[in-house]
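Note that ligands are numbered from 1 as they come in the structure, with each ligand's atoms numbered from 1 the same way. One is the number of the first residue; the rest follow in order along the sequence. Bear in mind that the values here come from a model prediction, so they are computed numbers and not experimental data.
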Amino acid sequence: MTLSLGIDFGTSGARGVVIDQQGGIVCAMRHHWHVGTIDWVKCWTEALWSLLAQIPGVFRQEIGTIAINGTSSTILLTDDSGKPVDAPLLYNDGRGAMALERLSRIAPLNHTVLSATSSLTKLLWMQELPSFVNARYLMHQADWLGFLLHGRLGISDYHNALKLGYDVEKLQYPEWLERLQIPLNLPQVFPPGIPIGELLPQIAAEFGFKAHCLVVAGTTDSIAAFLASGAKFPGEAVTSLGSTLVLKLLSRHRIEDARYGIYSHRLGDLWLTGGASNTGGAVLKHFFNDLELVQLSTKIDPTQASMLDYYPLLKPGDRFPINDPQLLPKLEPRPDQPHDFLHGLLESMAKIESRGYELLQNLGADPLTHIYTAGGGAANCTWTAIRQRYLKVPIVLSKNTEAAYGTALLAMEGIKSARTTENTEEGG
Ligand code: ADP
C-alpha cells in the first residue's frame, strides 16, 4: 500500500489529508492558528509539524509522496540557509501598492502581476526594506514549507509562480522581468506534482516516515480546491460559493483579460480559466446567520423566479463579470418577508454566476458541460435549484471540496511520475 499526503495552508489554519491509491481518504488532520498571529514563520512551522505528528504511525510508514499548497501570493525572503530575513507578506497584504507604478512601466499592459497584492509587486516593495540586503531567495509559502521537508532552496511550481510573472506558456521568466534586475534568486519553476526531492532523513527518522518518501512540487489553495472536485475535462467547472463567488472553467484555450480579473492557470495540457466576483456568501452572512439561511431557504419556491433584481455587494466595486470599481451595491427594494429577500439575493447571485460563465466562454473558453460546487453555499439545495434554471448544465455536488484533498491527489500524481521516471531509467 502506498499512500499520499496533501497539506493545505489556508487562511485560517492548516489541514492534512492522507489518501490511498484509489483516492479514498485514510485519515485527516487539522491545525488552527490564532487569527491575530504575529509570528507567521513560527506559526506555519508549528502547524506543519503538528499535522505530521497527528498522522497515525501505521500510515506514516506507508506515505510515498507529500505535496503542500499555500495561499497564492503569500511570499517571504530568506537568506542562503533558508532562514527568513523578515516577516512574510500574506496573500491579502496590499502595501505593495506603492511599487505598482514602477512595475507598470515595465510589465505588459493588463498583466496579472499588475495588482497591489501580486507576488511581484510585493517583492518590489520588499526590495526597499532594510532587511533586503540579507535576502538571497524569494519563496512562496508552499515553496518554503516544501523546503522544510526536502531541504532544497529556490524551487517553486508554476501555479504559485504565475503571480510572480513567470510565463507559464513558455515555461520561463519573461525578458521584461529580467529587466527589473532583482538582485536575488528567483525560484526555479517546476510543474506541480513533479518530484523535487526525498523527505530529509532527520524528519523521516523523527516522525517515522519511510526512507525515500518523495516531496513533490506544490500548488495554490484555490487550485487545490479545484483539483479536489475531480474535474479534469475541458468544459468542467467549479463554482465556489464561499465568502466570494469564484468561477473556474477548465479549457483547452488560455484566456487572459486583466480588465475583468480573468487569468488562466496551466493545468497540464489544459488551462484553468476563471474570475472572482465580490458578491457571495459574505453578503448573505451580513443579513442572515447560517441557521436562518437554512430555515428561510426551505420557504422559497426555487421554480419561481424572484422579481427582485439585485447586485449584492457589501461595498461598491466589482471586477468580474462587471468590471467597475464604482459599481454600487443594489439591494433595494427590500420585501417585508425575509425569505423573499433571501430569494432575491440567491437569484441575483445565480444570474451573476451565469453571466460570469458566459463571459469566460465568450472570451474563448470551452463550452460549459458540468459545474461542481464548493464552499458554504454548496449544501443549499434551494440555491442549486435556482442556479439550475440559469446555468442549464448539470450541477454536480463535489464529493470532495477540501484543498488538502486536491493536494493529496497532486501528491498521488507524483507517485505516478516517479514510477514513469524509474521505468524510463530501467528501460533506457
Ligand atoms: P470562505 O470563502 O470564507 O472559506 P466558506 O466556503 O466557509 O467561505 O463559506 C462560508 C459562506 O457560506 C458564508 O459567507 C455563509 O454566508 C455561506 N453559507 C453558509 N451556509 C449557507 C447556506 N445554507 N446557504 C447559502 N450560503 C451559506
Considering residues at least two apart in sequence or located in another chain, which fulfil the side-chain contact (heavy atoms from CB on, under 4.5 Å) criterion with Q337?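 side-chain contact (heavy atoms from CB on, under 4.5 Å) check on Q337 returns H339, D340.
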Report the residues that fulfil side-chain contact (heavy atoms from CB on, under 4.5 Å) with E169, sequence neighbours left out, ordered by chain and then residue number.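 Scan of E169 (side-chain contact (heavy atoms from CB on, under 4.5 Å), adjacent residues dropped) gives D167, R254, W271.
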Amino acids in close contact with ligand 1, where any non-hydrogen atom sits under 4.0 angstrom away: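 Heavy-atom contacts below 4.0 Å: G242, S243, G281, A282, L284, K285, D290, L293, V294, G375, G376, G377, N380, W383.
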Counting distance only, does the side-chain N/O of R60 pair as donor-acceptor with the main-chain N or O of F207 below 3.5 Å?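 Looks like yes, one N/O pair under 3.5 Å.
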So, T369 side chain and G235 main chain: donor-acceptor pair closer than 3.5 Å or not?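 Judged by distance alone, yes, a pair lies under 3.5 Å.
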Establish, yes or no, whether the cationic atom of R266 lies under 6.0 Å from the six-membered ring centre of Y158 and within 45° of the ring axis.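 Checked: cation-pi criterion met.
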Any salt bridge (Lys or Arg N to Asp or Glu O under 4.0 Å) involving residues 285-310? Give me the pairs, sequence neighbours left out, ordered by first then second residue.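 Passing the test, one end in residues 285-310: D309-K351.
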